[in-house]
Amino acid sequence: MVGLVLVSHSWKIAEGIKDLTDQVAPTHKGIICAGGLEDKSIGTDAVRISEAVKQADDGDGVVLLADLGSGVMSAETAIELLEDENINVKLADAPIVEGAIAAAVTAAIGSTMEQVVAAAEQTREVNKVLGD
């Protein structure tokens with residue numbers, strides 16, 4: 001099953017998103033939080049993210065979802081740190097909450113990594129409020 005890593009500057013946000021994904025995709029056990037720094041302060045850490053990727057990987061690949069610009073940069077650095085590993089990892093260009101839920105559900109039904117990334121990224125196009 002495709003693993004997911006939730007990259008947020010806040011460990012509380014990452015844990016909260018994981019709580020949501022656990023409810024909508026309870027069979028998916030490969031969702032790992034990489035929120036905040038080791039001491040739970042605000043920030044992101046490429047080494048923590050790369051370790052989370054290793055933990056989330058079961059051979060089908062890992063999709064990263066990040067919250068803010070520097071979280072994206074840390075995720076990209078984590079991917080670089082994993083160059084010598086045999087892990088297929090991709091950073092999805094998606095909103096972290098909606099993307100994580102779509103990715104978790106899609107991964108839980110056995111979809112490919114490309115399908116999981118596509119599901120997450122499609123959430124960028126969904127309007128939350130329908131206008132007149």
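In this structure, S10 contributes its side chain and I13 its backbone to a donor-acceptor pair below 3.5 Å. Remark: side-chain polar atoms of D39 are paired, donor with acceptor, to backbone N or O of S41 under 3.5 angstrom.
Residues K128 and E98 are paired through a salt bridge, judged by an N-O separation under 4.0 Å between the basic side chain and the carboxylate. Between E51 and K54 there is a salt bridge, with a side-chain nitrogen of the basic residue lying less than 4.0 Å from a carboxylate oxygen of the acidic one.
Separating the OG atom in S8 from the CG atom in D67 is a distance of 3.5 Å, to the nearest 0.5 Å. Here OG of S74 is found 11.0 Å from CZ of R48. Values are rounded to the nearest 0.5 Å. Atoms CD and CD1, on Q23 and I101 in that order, are 9.5 Å from each other to the nearest 0.5 Å. With values rounded to the nearest 0.5 angstrom, I31 atom CD1 is found 9.0 Å from M1 atom CE.
In the hydrophobic clustering of this structure, I79 groups with I87; members are Ile, Leu, Val, Met, Phe, Trp, Tyr whose side-chain heavy atoms approach within less than 4.5 Å, directly or through other members. One hydrophobic cluster, built from ILVMFWY side chains closer than 4.5 Å, holds both V72 and V53. When the side chains of ILVMFWY residues are joined at heavy-atom separations under 4.5 Å, either directly or via intervening members, V116 and V105 end up in a single hydrophobic cluster.
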Could you please spell out the steps behind the side chain to side chain contact (heavy atoms under 4.5 Å, CB included) verdict for L65 and V7?
CA-CA 6 Å; L65 293 120; V7 179; over 6 Å; no
Report the C-alpha separation of V2 and V62 in whole Å, then their side-chain angles, then the decisive distance to 0.1 Å, and conclude whether the side chain to side chain contact (heavy atoms under 4.5 Å, CB included) test is met.
CA-CA 6 Å; V2 175; V62 178; 5.9 Å; no
Could you walk me through whether T21 and L4 satisfy the side chain to side chain contact (heavy atoms under 4.5 Å, CB included) test, starting with their C-alpha distance in whole Å, then the side-chain angles of each, then the deciding distance to 0.1 Å, before giving a yes or no?
CA-CA 10 Å; T21 60; L4 304 175; 5.6 Å; no
Kindly indicate, with the supporting measurements, whether the criterion side chain to side chain contact (heavy atoms under 4.5 Å, CB included) is fulfilled by V63 and V5.
CA-CA 6 Å; V63 176; V5 174; over 6 Å; no
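For the residue pair A103 and A120, the shortest heavy atom distance occurs at CB-CB, 4.2 Å. Nearest approach of I17 to A100, heavy atoms of both residues: CG2-CB, 3.7 Å. Heavy-atom minimum distance, T27 versus A108: OG1-CB, 3.7 Å. Scanning all heavy atoms of the two residues, the minimum distance from A102 to A119 falls at CB-O, 3.6 Å. In this structure, T106 and S111 approach most closely via the heavy-atom pair O-OG, 2.9 Å. What you find for C33 and A14 is that their closest heavy atoms are SG-O, 3.4 Å.
Counting heavy atoms from C-beta on, the side chains of D93 and R124 come closer than 4.5 Å. Contact annotation: the side chain of I42 never approaches that of L37 to less than 4.5 Å [non-hydrogen atoms, C-beta and beyond]. Side-chain contact between L6 and I32 is absent, with no heavy atoms from C-beta onward closer than 4.5 Å.
Annotation: side-chain hydrogen bond (donor to acceptor under 3.5 Å, both in side chains) contacts of D22 (sequence neighbours excluded): K18.
A donor-acceptor contact under 3.5 angstrom links the side chains of H9 and S70, judged on distance only. Judged purely by distance below 3.5 Å, without hydrogens or angles, the side chains of Q115 and T112 pair a donor atom with an acceptor atom.
Counting non-hydrogen atoms of neighbouring residues, nucleotides and ligands closer than 6.0 angstrom, the CG atom of N86 reaches no more than 12 such neighbours.
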